[in-house]
Student: 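Here it is: the structure, laid out below.
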Amino acid sequence: MNKQHLIIILLMISHCLYAQQTTIHMGTSETDLILKTAPNGRLYQAYFGEKLINPSDITHLSHYITKPASDGSVTPRGWEVYPVSGGEDFFEPAFAIQHNDGNMTSYLYFQSSKTQKIDNNTQHISIEMADDKYPLFVTLHYITYHKENVIKSWTEIKHKEKKPVEISQYASSMLCFESPSYYLTEYSGDWAKEAQESTQKLQFGKKIIDTKLGSRAAMYAYPFFQLGFEQEAQENQGKVLLGTIGWTGNFRFTFDVDNVGNLRIISGINPHASTYSLNPNEVFKTPEFIYTLSYNGIGKASRNLHNWARNYQIKNGKEDRFTLLNNWEATYFNFDEPQLSQLMHEAKELGVDLFLLDDGWFANKYPRENDKAGLGDWEVMKSKLPHGLPGLVEEAKKAGVKFGIWVEPEMVNPKSELFEKNPDWAIKLPNRETYYYRNQLVLDLSNPKVQDYVFSVVDNILTENPDIAYFKWDCNSPITNIYSPYLKEKQSHLYINHVRGVYNVLDRLNEKYPHLPMMMCSGGGARCDYKGLEYFTEFWCSDNTDPIDRIFIQWNFSKFFPIKSMAAHVTTWNKEASIKFRTDVAMMCKFGFDISLKDLTENERTFCTQAVTNYNQFKDAILEGDFYRLVSPYDGNHASVMHVNENKDKAILFTYDLFPLYSEKTFPIKLQGLDSQKRYKVTEINLMPNSNSSLSANGKTYSGDYLMKVGIEGFTASRMNSRVIKLTVE
Ligand code: DGJ
């Protein structure tokens, strides 16, 4: 008997031992996820919904039993937790494999499960499953976050066949639902058009949201979705699932409604052009699928994700964020040392923490004067900046602000010394004309040498300039001309190994510089996922900083990401909007400027400086507090959001009038999240110098109860008008 036969016999014995029913009960403070084995020894989702208060009721749950056939037999179908292609379930599988003998079927039998307490709030449940005919092992992982009501799940796949097996589908997770109707909201986009929502009722069949862009992966489709049950998802009531995948590359969500109206949601890496040949004993780990089920609408679901992200996921989730002045919109590529020094002093005048130098500071043989050359050559451009980065860091010190810098280290312009020396470091077809996106190519991060190089870009800058306090990491191109000179005949590994290579670099940077704040940017907001945010403290939501457009973009991103991770700057986009309106829109997020004070009047400068002071005073509410979307810009001509600090003794309300009609009737804004027993003084802040508040509630004190039930008249009928209103406990 050979080793493979022995393993299979052992698996069959354990399969018999576990043929009696096993129940795996996971949950959070608000939801239960219950899995059960069926008499066939396989694992099924028995329940995912509102927390059951009577443990004995769990015995009644048996979702895996479908209606008996006409001959009375009952074959479990549907609801399997990780169904494999080739089984008796004819709908979309989670997993597909081709074994060494060419066979394309597998059945996974439950083996064991283990629950490990990570802390008082968090449990890690791992479930071992195995095939009885092949040495194939699958482990399902779940981490449950009790207080935040969030679950994340991923899968590990391993085998002990003689040769590599081909895996062509490898979902992170599958969830099943039974409801009379489902309404899916997806988010699409493009440069300057990020996170545009659209909703549809799911009907029989499949709806797929995916991307094949490789890097800059979320440019057209975002790695998150919202699902309403029995109605379109509502802000403050009803059952809503928010789901998102932590993968900075090609992802895929499949929503499959079957013949009886049950829905399965399969989330994971997009297997497009990515059949993976898995070596014996190698572990294939999928990305994490993160989700929260709310019975109080999207608002509650968002706050679940926000709390979870700050407590557990994003880099330095509990730490403060810098306010900053970025030079991109003020100068683009055209700057020199005196201009930068001027901007640093303007940053100081504004009162922000940091000056951020953007694109255009590097490369000598092919200077980075525009986006056509220089990417890859990360030495300072001597003609432009004769005193180098140390000179700029010093200048920032003199001005009294910190210094941050832009890089795009995953990319190369063919017009660069890096490309001249290492043409095979770029992803590029050997036998076809090259197609360029923004005149650049993506470096092949599946190649460990390239990983070392990319790591060294940031590491060298920090070694030379340990006082650099911030990085903006950009990524402006999707993967074009998909071919890796390094992977040779294993091209179908490229999309996956490239992303893993990016993570390898970021892991090393996180390890060496654990407190370094970094902004994730991708030609605007085309990178915004929770694996990325493990390495980045924030992301750039969009190059579109027109405040009207931004209200919509920020509204949608805020459903999934905490405010402290969403960077928003005041710029000159939409000069018809006042500086106050532009500032008030940026202030609802992680605040900064991308403007030169030279373009502002004295009054406007004073206003901006005051706005920074106000922001700093309310950081505990804006960055750390609970966020409420009160009035949707999609519902009319106004929008309003508010932040409440943890103790509920401080809140800040933002009101925006977009394009109201003449003399339009407005309604009071009902606040949320306050303590109904406390009394709050209402004061309008962020007023232009020498102007007075016209807010009727200004200076008055109300109970939280009144503010939440009756509300305040915050809107006006003026176009592009805004108010920032503070609420402080008397
Ligand atoms: C795209 C980013 O979104 C911008 O903010 C800016 O950094 C440019 N790239 C620089 O090339």
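On a predicted model such as this, the values are computed, not experimentally measured, just so you know. Atoms within a ligand are numbered from 1 in the order they appear, just like the ligands themselves.
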Student: With a heavy-atom distance limit of 4.0 Å, tell me whether Arg438 approaches ligand 1 through its side chain, its backbone, both, or neither.
Tutor: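 The answer is the side chain of Arg438.
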
Student: To the closest 0.5 Å, what do you measure between CG (Asn413) and CZ (Phe419)?
Tutor: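 Reported value, rounded in 0.5 Å steps: 10.0 Å.
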
Student: For Gly523, counting its heavy atoms only, list the atoms of ligand 1 lying under 4.0 Å from any of them.
Tutor: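 Within the 4.0 Å cut-off of Gly523, ligand 1 contributes 1 (C), 3 (O).
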
Student: Taking the non-hydrogen atoms of Lys472, is any one of them nearer than 4.0 angstrom to ligand 1?
Tutor: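 Distance cut 4.0 Å: Lys472 passes for ligand 1.
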
Student: Taking Gly523's backbone N and O only, do any of them form a donor-acceptor pair with Asn476's side chain (distance below 3.5 Å, no angle check)?
Tutor: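 Yes; judged by distance alone, with no hydrogens or angles, the pair exists.
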
Student: Anything under 30° is parallel, anything over 60° is perpendicular, the rest tilted; go ahead and classify Phe557 against Tyr222.
Tutor: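 Because their plane-to-plane angle is over 60°, the rings of Phe557 and Tyr222 count as perpendicular.
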
Student: Which option out of Asp474, Asn326, Asp358 puts a heavy atom nearest to atom 9 (N) of ligand 1?
Tutor: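 Nearest heavy atom to atom 9 (N) of ligand 1 lies in Asp474.
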
Student: Specify the protein heavy atom at minimum distance from atom 3 (O) of ligand 1: its residue, its atom name, and the distance to 0.1 Å.
Tutor: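 The answer is Asp543 OD1, 2.6 Å.
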
Student: By number and element, which atoms of ligand 1 are closer than 4.0 Å to a non-hydrogen atom of Gly524?
Tutor: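 With Gly524 as reference, the close atoms of ligand 1 come out as 3 (O).
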
Student: As an exercise, state the distance from CD1 of Ile405 to CZ of Phe355, rounded to the nearest 0.5 Å.
Tutor: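 Taking CD1 in Ile405 and CZ in Phe355, the distance rounds to 9.5 Å.
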
Student: Please answer whether the main-chain N or O of Thr655 pairs with a side-chain N or O of Ser722 as donor and acceptor at a distance below 3.5 Å.
Tutor: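 No; zero donor-acceptor contacts below 3.5 Å.
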
Student: Check this for me: does any side-chain nitrogen of one of Glu346 and Lys598 sit under 4.0 Å from a carboxylate oxygen of the other?
Tutor: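 No salt bridge links Glu346 with Lys598.
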
Student: Which of the listed options, Asp359, Asp594, Val407, holds the heavy atom that is closest to atom 11 (O) of ligand 1?
Tutor: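 The option holding the nearest heavy atom is Asp359.
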
Student: Suppose I only count heavy atoms of Cys521 and a 4.0 Å limit; which atoms of ligand 1 are within that range?
Tutor: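 It comes down to these atoms of ligand 1: 2 (C), 3 (O).
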
Student: In terms of relative ring orientation, are Trp361 and Trp378 parallel, tilted or perpendicular, with 30° and 60° separating the classes?
Tutor: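 Rings of Trp361 and Trp378: tilted, 30 to 60°.
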
Student: Determine whether the side chain, the backbone, both or neither of Asn476 has a heavy atom under 4.0 Å from any heavy atom of ligand 1.
Tutor: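 For Asn476, the contact with ligand 1 is made by the side chain alone.
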
Student: Provide the number and element of each atom of ligand 1 under 4.0 Å from a heavy atom of Trp540.
Tutor: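 Those qualifying, in numeric order: 3 (O), 5 (O).
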
